[in-house]
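Only one structure is covered here, and it is reproduced in the block below.
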2 protein chains.
Amino acid sequence: MQIGVIEVPTLKELFVRRMEEQILSGKLKVGDSLPSERQLQEETKISKTVIHAGLAELEQKGFLEITPRRGAVVANYEETGTMETLNALIRHNGGNMTKKQTHSFMEARIAIEGSALRRLAEKHTDEDIAYLEGLLARADELLAGGEKDDAALAELLFRYHRGICVRSRNEFFPLLLNEFRPIIMEFWLRSIALFGAEANVHLAKRYLELIRAGDAEGAFRRLQRSVSEYLNCLDEQDR
Amino acid sequence: MQIGVIEVPTLKELFVRRMEEQILSGKLKVGDSLPSERQLQEETKISKTVIHAGLAELEQKGFLEITPRRGAVVANYEETGTMETLNALIRHNGGNMTKKQTHSFMEARIAIEGSALRRLAEKHTDEDIAYLEGLLARADELLAGGEKDDAALAELLFRYHRGICVRSRNEFFPLLLNEFRPIIMEFWLRSIALFGAEANVHLAKRYLELIRAGDAEGAFRRLQRSVSEYLNCLDEQDR
DNA sequence: TGTTTGTGCTGGTCGGCCCAGATTTCCGCG
DNA sequence: CGCGGAAATCTGGGCCGACCAGCACAAACA
């Protein structure tokens, strides 16, 4: 058995988490105004600097709206939140997405990566192919290495699919994938656990074949199919 | 003539902006390492607390990679950046996107909003329709009011299209739209300038009709068409 | 009653302290 | 002279309590 490193949380992290809980659990409702930094300082026995930094982080995450000299109110994070808010929300839920979130995520994946796949299949250079092949070669090495390093493979799969988006010549798609990064990594780890490392690498190779063949619709359908297989498999597991 | 409110920037904001300029203008190149926090503190006459918070924000935006006790280097923000990075990049460019960025943006819009439109057309409740109608009614009021308030109309159009994403029951699409917010607002302002306020509201109504009729493909094609009209119109203008 | 002044609140900023790891310097030994 | 290791120095990270300036509201004044 392995005991991982024990990370010591900082005061700021503890404070931010505490506040997130208060908000996500509904004890602090949207529109409620927070106690002043000084009041929080007294309650928590933490210095004002840390309180201030923590509140700034919460604002940046979309949970608060801070106005200088006026105070902080809980923001309508469901309406104005960004991906970062969602990441915090999922972490709050123990790292697990709800079923609906999973389905939403896969739908978004089809929308974005599907477009990229189509574009790349229709129009690509030899260098694009070579780049993706390079990543696949590294994945093969990893498989041949014998040691099971799922995290490294997941990272490689992430880079591969981001590579598809980068090479599709759309400047926004890679950024969106980066935004999704924590969620996507979680997805790949799960996919490796479900279908095995080889199957995932094999599927990645299949995409490359379809791209090279210029089969845009085929690549798109392949993506759709693998997504629904994944979702079905998850549903089976639940039973 | 109107003079808007004057927002007082905080020192941290000023510092972050300055650093962003240095990076985006190329004075600091990817891979360059930054002076130490204490050196920056001396140069800028700003306290260590603020410097530290500013650098942390820049890291979070994807501009820096900070390693504890080793320093900060300029990150390859084109590869690892997020939407926030892009927003900073566009702001640095005076709010103007390059032609390629515009095309990328519209393609992303078709991918995301197109999916939402399809879903909503296939499956919607009366309440969904009523919600969107409410927003359209407010747009009509704005048009009838006579005063030209393009910003308010753009805001309304943003909310309307975000509404389509919210009501599509996909939890990720609205978040993505929020992420794109500054870019989308810029887009609507431009669209209003090009085609007029009435035409934009009319188009919004057309989407609602198609959704109500359950015509998923029609709605999707309508979106594709209006996107290509917009792009053509921009191209014409360039000449 | 209308205006001014004061006071206390707010978030924002400051610089100093300590910590632990990384890096460099330098001294003594072989 | 060369090399290894101890020690000094530098890095970012974290925390603290004091201070600053702007704003709101109430008390004091005309």
Side-chain angles (χ1 to χ4, degrees), chain A residues 4-20 22-23 28 30-77 80 88, chain B residues 3-20 22-23 28 30-77 80:
Chain A
V5 281
I6 297 181
E7 304 258 357
V8 181
T10 66
L11 270 180
K12 185 181 132 191
E13 280 170 354
L14 291 171
F15 171 68
V16 167
R17 257 183 253 167
R18 178 77 59 93
M19 295 305 293
E20 276 178 7
Q22 299 284 315
I23 294 173
L28 277 170
V30 172
D32 285 0
S33 55
L34 260 59
S36 77
E37 295 187 356
R38 260 160 262 268
Q39 253 171 290
L40 286 170
Q41 172 186 7
E42 262 190 61
E43 275 183 48
T44 58
K45 307 291 179 198
I46 295 177
S47 82
K48 198 168 109 43
T49 308
V50 174
I51 299 285
H52 182 72
L55 292 180
E57 186 176 323
L58 285 164
E59 175 182 41
Q60 202 269 345
K61 280 190 183 175
F63 287 114
L64 295 181
E65 258 179 67
I66 300 175
T67 321
R69 289 173 292 278
R70 297 194 145 238
V73 298
V74 178
N76 184 355
Y77 54 93
T80 61
Chain B
I3 302 178
V5 281
I6 296 179
E7 306 258 354
V8 182
T10 65
L11 266 182
K12 184 180 139 193
E13 281 170 353
L14 291 172
F15 172 67
V16 167
R17 253 182 259 166
R18 176 77 59 93
M19 295 305 293
E20 276 178 7
Q22 298 285 316
I23 294 173
L28 277 170
V30 172
D32 284 1
S33 56
L34 261 60
S36 77
E37 293 188 358
R38 284 163 174 88
Q39 245 170 297
L40 285 170
Q41 172 186 5
E42 260 190 63
E43 275 182 47
T44 59
K45 307 291 177 198
I46 295 177
S47 79
K48 188 166 105 56
T49 311
V50 174
I51 298 283
H52 184 70
L55 292 181
E57 187 176 323
L58 285 164
E59 176 182 40
Q60 201 274 338
K61 280 191 181 175
F63 285 114
L64 295 181
E65 257 180 69
I66 300 176
T67 319
R69 287 172 288 278
R70 304 207 58 185
V73 299
V74 178
N76 183 357
Y77 53 92
T80 61

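We name chains A, B, ... by the order of the sequence lines, and we start the count at 1 in each one. Here the structure is a predicted model, which means the values were calculated and not measured.
With a cutoff of under 4.0 Å to any heavy atom of chain B, the contacted region of DNA chain C is bounded 5' to 3' by C/dG12 to C/dT23.
Between the base of D/dG17 and the side chain of A/T49 there is a donor-acceptor pair shorter than 3.5 Å. Taking only distance into account, the side chain of B/K48 never meets the base of D/dG12 through a donor-acceptor pair shorter than 3.5 Å.
With values rounded to the nearest 0.5 angstrom, A/E43 atom CD is found 10.0 Å from A/R18 atom CZ. Note that CD1 of A/I51 and NZ of A/K48 are 9.5 Å apart. Values are rounded to the nearest 0.5 Å.
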### Message
Using a 4.0 Å heavy-atom cut-off to protein, can you give one letter per nucleotide of nucleotides 6-11 of chain D, 5' to 3': B if the base is in contact, S if only the sugar-phosphate is, - if neither?
### Response
-----B
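Overall, the helix from C/dT1-D/dA30 to C/dG30-D/dC1 carries an axis bend of 30° between its ends, with five pairs at each end and the value rounded to 10°.
For the pair B/E42 CD and D/dG12 C1', the computed distance is 16 Å after rounding to whole Å. For the pair A/K12 NZ and D/dC15 P, the computed distance is 9 Å after rounding to whole Å.
By the neighbour-count criterion of 12 heavy atoms within 6.0 Å, atom CD of A/E59 is densely surrounded, having more than that number from other residues, nucleotides or ligands.
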Using residues 64-71 of chain A as the side-chain source, report each donor-acceptor pair under 3.5 Å to any protein atom, sequence neighbours left out, with the distance given to one decimal.
none

### Query
Checking side chain to side chain contact (heavy atoms under 4.5 Å, CB included) for the pair A/H52/B/T49: CA distance, chi angles, key distance, verdict?
CA-CA 11 Å; A/H52 182 72; B/T49 311; over 6 Å; no
#### Entry: Step-by-step side chain to side chain contact (heavy atoms under 4.5 Å, CB included) determination, A/Q22 to A/V74
CA-CA 10 Å; A/Q22 299 284 315; A/V74 178; over 6 Å; no
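Between B/L55 and B/L40, some side-chain heavy-atom pair lies under the 4.5 Å cut-off. The shortest distance between side-chain heavy atoms of B/V50 and B/T44 does not fall below 4.5 Å. Two residues are said to be in side-chain contact when any heavy atoms from C-beta on lie closer than 4.5 Å; A/P9 and A/R17 meet this criterion.
Heavy-atom minimum distance, A/A88 versus A/K61: CB-CD, 4.3 Å. Between B/A75 and B/G62, the shortest heavy-atom contact is CB-O, 3.6 Å.
Residues from residues 52-61 of chain A placing a heavy atom under 4.0 Å of any atom in DNA chain C, listed by number, are A/H52.
Partners of A/Y77 under the ring pair (Phe, Tyr, Trp, His ring centres under 6.0 Å) rule, at least two apart in sequence or in another chain, are A/F63.
Residue order along DNA chain D, read from the 5' end via each residue's closest nucleotide, puts A/E13 first among A/Q41 and A/E13.
No hydrogens or angles considered: nothing links the side chains of A/Q60 and B/E57 as a donor-acceptor pair under 3.5 Å.
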